[in-house]
Amino acid sequence: MPGLADLLSGPVLEVAPRLLGAVLRLDSPEGSVAVRLTEVEAYDGGGDPGSHAFAGRTPRNEVMFGPPGHLYVYFTYGMHHCCNVVCGSEGTASAVLLRAGEVFEGSETARVRRSAARDRDLARGPARLCRSLGIDLGRNGHHLETPPLTLSPAMRAHPSREISSGPRVGLRRAPDRAWRFWLTGDPTVSVYRPAHNLGR
DNA sequence: GAGAAGATTATCT
DNA sequence: GATAATCTTCTCC
């Protein structure tokens with residue numbers, strides 16, 4: 001059975017689609033929640049204007065420059081957390097944003113954190129995914145082979161699905177790069193919205 | 001120190 | 001479809 005290092009080895013554009021179907025799990029006293037990833041986005045360490053690391057190393061993005069296998073969590077819009085898996089070798093800042101997934105274990109616990117959500121919506125979107133799992137800035141830099149928060153390749157067989165790709169969501173910069181990957185037709189994939197450029 | 005933008009979401013019309 | 005909520009980070013003075 002391949003480990004995390006195998007899962008994350010190679011160029012980020014190869015790693016990202018490989019993460020579809022992988023399982024992110026967080027065990028806590030409140031209960032365990034496990035998510036099967038259905039949608040991700042790739043962010044390249046070198047020359048990707050859409051990446052938080054594009055302008056160089058800062059305190060916020062420091063984790064992305066570290067070794068692969070760690071979680072990069074950031075806080076945005078004054079209220080939301082989003083999480084990435086750091087990949088690529090140490091010194092490069094490639095990462096994969098976890099945009100959506102299917103909560104297949106611990107939906108009761110997830111529902112406590114996300115009131116009034118239908119099952120399919122529990123982790124349908126990057127901030128929703130973090131909230132269902134209970135991930136916040138305290139998990140920034142966490143290594144994903146260390147309990148209670150782990151990432152592992154698909155643990156169970158799931159119907160083979162086609163993988164689709166398209167432009168990344170919500171970016172004003174580099175909207176042309178089709179670096180978003182998802183399981184074709186999966187109901188938990190978030191809906192595409194272009195960057196909101198109006199009203200500013 | 002000020003100002004703007006942001007890898008979003010829930011809610012209203 | 002439009003907008004409010006809400007605050008950190010980064011970019012210039």
Side-chain angles (χ1 to χ4, degrees), chain A residues 12-13 15-17 19-20 22 24 35 37-66 68 70-88 92-103 110-142 144 151 164-182 187-200:
Chain A
V12 65
L13 285 179
V15 172
L19 288 180
L20 296 173
L24 186 65
V35 168
L37 299 177
T38 59
E39 182 187 3
V40 298
E41 280 177 3
Y43 288 84
D44 189 30
D48 178 5
S51 171
H52 285 174
F54 181 64
R57 202 167 187 143
T58 68
R60 178 174 69 156
N61 64 30
E62 186 180 332
V63 172
M64 279 201 286
F65 287 87
H70 292 253
L71 198 66
Y72 164 54
V73 183
Y74 67 90
F75 184 66
T76 190
Y77 290 103
M79 64 193 90
H80 298 305
H81 298 278
C82 300
C83 65
N84 299 244
V85 177
V86 176
C87 57
T92 52
S94 297
V96 177
L97 170 69
L98 309 183
R99 281 200 59 86
E102 171 200 359
V103 177
R111 195 183 313 283
V112 171
R113 299 173 177 141
R114 296 221 342 102
S115 59
R118 296 190 306 169
D119 272 6
R120 72 167 55 171
D121 291 330
L122 282 173
R124 193 188 196 194
R128 292 163 164 183
L129 187 149
C130 282
R131 185 142 183 218
S132 280
L133 283 162
I135 291 174
D136 59 20
L137 282 178
R139 304 289 181 179
N140 190 36
H142 176 86
L144 289 167
L151 178 69
S164 300
S165 65
R168 295 178 290 189
V169 176
L171 295 195
R172 301 160 94 103
R173 324 185 73 170
D176 51 313
R177 305 190 184 198
W179 286 2
R180 171 181 177 235
F181 303 92
W182 67 92
T188 63
V189 171
S190 63
V191 291
Y192 177 70
R193 293 178 306 279
H196 51 289
N197 327 352
L198 306 175
R200 278 233 206 243

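Numbers restart at 1 for each chain; the letters A, B, ... are given by sequence-line order, proteins then strands.
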pi-stack flag for A:Tyr43 and B:dA7, centroid dist under 5.5 Å, interplanar under 30°: yes
Residue closer to the 5' end of DNA chain B, A:Arg173 versus A:Pro126 (nearest nucleotide): A:Arg173
Smallest separation among heavy atoms of A:Arg180 and A:Val189, with atom names: NH2-CG1, 3.7 Å
Touch class at under 4.0 angstrom, heavy-atom based, for A:Arg168 against every strand present: nothing
Touch class at under 4.0 angstrom, heavy-atom based, for A:Arg114 against every strand present: sugar-phosphate
Expressed as a whole number of angstroms, how long is the span from [X]:[atom1] to [N]:[atom2]?
X	N	atom1	atom2	result
A:Leu129	B:dA7	CG	C1'	13 Å
A:Phe75	B:dA5	CZ	P	19 Å
A:Tyr77	B:dA10	OH	P	14 Å
A:Glu62	C:dT9	CD	P	13 Å
A:His80	B:dT11	NE2	C1'	12 Å
A:Asp44	B:dA7	CG	C1'	15 Å

Candidates C:dT11, C:dC10, B:dT8 - which lies nearest the side chain of A:Arg60: C:dC10
A:Arg128 side chain, from C-beta outward: closest of B:dT9, B:dA7, C:dC7: B:dT9
Cationic N near anionic O, under 4.0 Å, A:Asp119 to A:Arg111: yes
Any A:Arg172 side-chain N or O less than 4.0 Å from OP1/OP2 of B:dA7: no
A:Thr58 vs C:dC10: side-chain N/O to OP1/OP2 distance below 4.0 Å: yes
Atom pair CG (A:Leu122) and CZ (A:Arg114), whose distance is rounded to the nearest 0.5 Å: 6.0 Å
Under 3.5 Å donor-acceptor pair, A:Tyr74 side-chain atoms to B:dA7 base atoms: yes
Donor-acceptor pair, side chain of A:Arg177 and main chain of A:Arg168, under 3.5 angstrom: no
Donor-acceptor pair, side chain of A:Asp48 and main chain of A:Gly50, under 3.5 angstrom: yes
